[in-house]
Each structure stands twice: as C-alpha cells, then as structure tokens.
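Structure first, then comments.
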Amino acid sequence: MSNQTTGSSQGTNAASRESLISFNSVDKIYGRDSAAEESVAALEDVNLDIERGEFVSVVGPSGCGKSTLLHMAAGILESTNGTVEINGIAVQSDEHQRNEVGLVFQHPVALEWRTVRKNLLLPVQILKENGEIEGDMDHYRERADDLISLVGLEGFESSYPNELSGGMQQRVTLTQALIYNPSVLLMDEPFGSLDAMTKGELNLELLRIWNETEKTILFITHDLDEAVFLSDRVVVLSPRPGQIVDEIEIDLERPRSEDTRGTERFVELATELRQHFKRL
Ligand SMILES: Nc1ncnc2c1ncn2[C@@H]1O[C@H](COP(=O)(O)OP(=O)(O)O)[C@@H](O)[C@H]1O
Ligand SMILES: [Mg+2]
C-alpha cells in the first residue's frame, strides 16, 4: 500500500481524498424502473475505499453482485442509491474521464481479423472516431510497442488472435486495457477460463506489471487462492443482495513468487478465507 494521496482537490470528505476508488453506500436494484414485475436487489449498502496503488480482490458466491460492482466502477451501470467515485469524481458525472479506467473481462475481446498490434490499437481508433480523443496516433503506436514488450507479446505482433493460446489472448486484452495508461484497472475474473498452470503464470505476470506500472487494481474472482496470492486486501461479499461481510488484509511479503503459495502464512490466510466463505 502506498501513502500517496490522490492529488485530487475535489473530494468532499477525508475518505474520498485518500482513496482512488470509493463506493459510498451503494445499492443496486435491477428492474426497479422498468415495467417488469420483479426487481432484483443485487447489492446493498456497499462501502469500499481503495487506495491508490492498492490491489484489492472481491470474492463472493456466484450471482452475489461482483460483476455489478465492477460495472458500476467502470461507469457502465448506474447505482440505484449511493455514489461511486474515482479520484473524488463521481463516475456518472461529466467530469469523469473514461480513460482513467481500463477494463479486463473474462473473455478476450480481440477481433479475429485484426493482428495483435491492430487489436491493441482498437480502443484508440474507436474513441478517435467518436471524437472523444484527439492527437496523433504516433504516440499510441509507440505506446503499443512498449505494451507489447511489457506483457511479453514480442514476436506475436503480427499474429491473429486465433493463432494464440487463451493465455496469450488475455495478454492482448490486458494491453487494450492499458493503452491509455489508466490509473485504475478493473478486472472481472480475467483468468477464469484458463487452465491452472496458465492462470498461475498470468498471476505472476499481472503482479509484475502492477508493480512496474503502479496501477490500482480492483480484481474480481471466485478463486480464493488467487485472491490471496494477488491481493493486499480481500473483500468478501454475501450472497445476493451482496453486502460486504468480511475483509482480510493479506500481509504476505512482496514480491510474491510461486514459492509464496507454499508458505505457512499463505495456507493460513487461504484457510481463513475459506472459513469466512463457509459461514455465508
Ligand atoms: N441486467 C440485469 N437485470 C436483472 N438482473 C440482473 C442483471 N444483471 C445481473 N442481474 C442479477 O443480479 C445478480 C448479480 O449479478 P452479477 O453481478 O452478475 O453477479 P456475479 O458477478 O457475482 O456472479 C444476479 O442475481 C443476476 O442474475
Ligand atoms: Mg460475474
């Protein structure tokens, strides 16, 4: 964890000044405004502050509102009550800069007819065509080269997505999320469909990238070991409507390595987290 402040002068209270991402008394009820008879309470009274530079994972049973939480932070979904702020600015407000946030979902979003390099530049092209960003492409082309080497895709720039393994495809997705150099990465079970070995490899890669780029990461997973391995803090959501019922500080030394998983402390923390889960 870093002690840096966000540098924002727009926060209205101490908590929002210190945290980069903050959920303030957030509820999400689906279908309340529609004609549908049944509404679904997905999240209830979620309060969560994530400091700049922190790596926080959210775990919870299937359907408890994890993706909903992440989509609200991304500004894709509106909260029913409460606010979500990034850098002290409500994500639903006009002042919020979408480029501050990079998104990674479980399934790769690369287009099969474009090479790795062209896929990586896709988000830039889209925003440029929408008139949401200006400036020359050269800056982003240079950045694309840096990202290709950052995530270990050298030699694959001209490959097409279907020539790559699932793990390599998720590396491409990661570069797309990083192209604007956002301060926040929001990741929704990004390695959920990978085999255990590839997942382990990408866990290490992600920690290296996080360390090198000093991002703030909100990571969703249902894999408790993965949450412990990666995080500074793990937040546990109850079954729907998701409420934060527990929070565990992960005091494992960094940098972490494959050996970390064999340490006594790792086993203790993972066991503790499992017990929290059993009580749900
Ligand atoms: N657009 C929607 N309309 C109605 N209900 C939804 C919608 N999206 C998700 N839900 C419901 O909200 C709950 C939380 O969903 P989600 O956030 O996807 O859970 P998780 O990611 O933890 O599995 C689930 O019960 C789901 O069925
Ligand atoms: Mg989900």
Side-chain angles (χ1 to χ4, degrees), residues 21-50 55-86 91-92 101-109 166-167 169-170 173-174 176-177 184-196 198-199 202-203 206 216-231 233-248 270 273-280:
I21 310 173
S22 76
F23 295 86
N24 308 299
S25 309
V26 169
D27 300 330
K28 178 66 190 177
I29 305 171
Y30 285 106
R32 211 178 60 161
D33 307 325
S34 71
E37 266 173 41
E38 284 195 35
S39 57
V40 176
L43 288 168
E44 196 171 293
D45 195 27
V46 172
N47 288 287
L48 176 62
D49 285 298
I50 300 172
F55 196 129
V56 173
S57 290
V58 174
V59 298
S62 180
C64 75
K66 300 183 295 298
S67 294
T68 301
L69 192 73
L70 192 114
H71 289 157
M72 287 192 296
I76 298 171
L77 260 186
E78 234 174 304
S79 58
T80 307
N81 296 301
T83 55
V84 185
E85 293 175 346
I86 290 184
V91 295
Q92 291 296 333
V101 174
L103 293 174
V104 182
F105 298 115
Q106 181 170 351
H107 297 289
V109 290
Q169 288 186 29
Q170 271 312 49
T173 311
L174 196 54
Q176 290 175 317
V184 172
L185 268 186
L186 302 173
M187 309 184 79
D188 193 356
E189 307 201 25
F191 310 134
S193 57
L194 303 175
D195 62 85
T198 310
K199 184 193 260 193
L202 282 176
N203 280 173
L206 179 61
T216 303
I217 300 186
L218 175 57
F219 190 94
I220 309 279
T221 179
H222 58 252
D223 179 338
L224 304 184
D225 286 346
E226 182 179 43
V228 170
F229 182 71
L230 294 171
S231 313
R233 193 150 53 104
V234 180
V235 172
V236 182
L237 287 182
S238 68
R240 188 167 66 78
Q243 287 181 296
I244 296 181
V245 285
D246 275 304
E247 242 185 72
I248 302 184
L273 191 55
R274 254 177 213 102
Q275 278 159 356
H276 283 279
F277 237 73
K278 273 196 208 138
R279 280 189 238 118
L280 293 180

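As the structure is a computational prediction, the values presented were derived from the model and not from experiment. We use all heavy atoms of the structure for the numbers below, so side chains are in, but hydrogens, waters and symmetry mates are not. Numbering of ligands and ligand atoms starts at 1, following listing order.
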**Q.** Closest protein heavy atom to atom 17 (O) of ligand 1, given as residue, atom name and distance to 0.1 Å
**A.** Thr68 OG1, 2.5 Å
Q: Enumerate the atoms of ligand 1 whose separation from the nearest heavy atom of Gly63 is less than 4.0 angstrom.
A: 13 (C), 14 (C), 19 (O), 20 (P), 22 (O), 23 (O), 24 (C), 25 (O)
**Q.** Pairwise side-chain contact, Gln170 with Pro190, heavy-atom cut-off 4.5 Å (strictly under)
**A.** yes
Q) Is there a donor-acceptor contact under 3.5 Å from the side chain of Glu189 to the main chain of Phe219? A) no
Q | Leu43 and Leu237, any side-chain heavy atoms less than 4.5 Å apart | A | yes
(Q) Classify the ring geometry of Phe105 against His71: parallel below 30°, tilted from 30° to 60°, perpendicular beyond 60°. (A) perpendicular
Q: Check whether any N, O or S atom of Gln106 sits under 2.8 Å from the Mg ion (ligand 2).
A: no
**Q.** atom 3 (N) of ligand 1 touched by protein heavy atom at under 4.0 Å
**A.** yes
Q.
Give me the residue, atom name and distance of the protein heavy atom closest to atom 19 (O) of ligand 1.
A. Gly65 N, 3.3 Å
Q. Which protein non-hydrogen atom lies closest to atom 18 (O) of ligand 1, naming both residue and atom, and how far is it?
A. Ser67 CB, 3.7 Å
Q: Let me see the working for Leu218 and Phe23 under side-chain contact (heavy atoms from CB on, under 4.5 Å), right down to the final yes or no.
A: CA-CA 12 Å; Leu218 175 57; Phe23 295 86; 4.2 Å; yes
Q: Under 4.0 Å, heavy atoms only, figure out whether ligand 1 is touched by the backbone of Arg240, its side chain, both or neither.
A: side chain
(Q) Give me the residue, atom name and distance of the protein heavy atom closest to atom 9 (C) of ligand 1. (A) Tyr30 CE1, 3.4 Å
Q. Within a distance of under 4.0 Å, is there any protein heavy atom near atom 26 (C) of ligand 1?
A. no
Q) Would a 4.5 Å heavy-atom cut-off, applied to side chains only, mark Arg233 and Leu48 as touching? A) yes
Q) Can you check whether Cys64 has an N/O within less than 3.5 Å of an N/O in ligand 1? A) yes
(Q) Please check: side-chain N/O of Lys28 versus main-chain N/O of Glu78, any donor-acceptor pairing under 3.5 Å? (A) yes
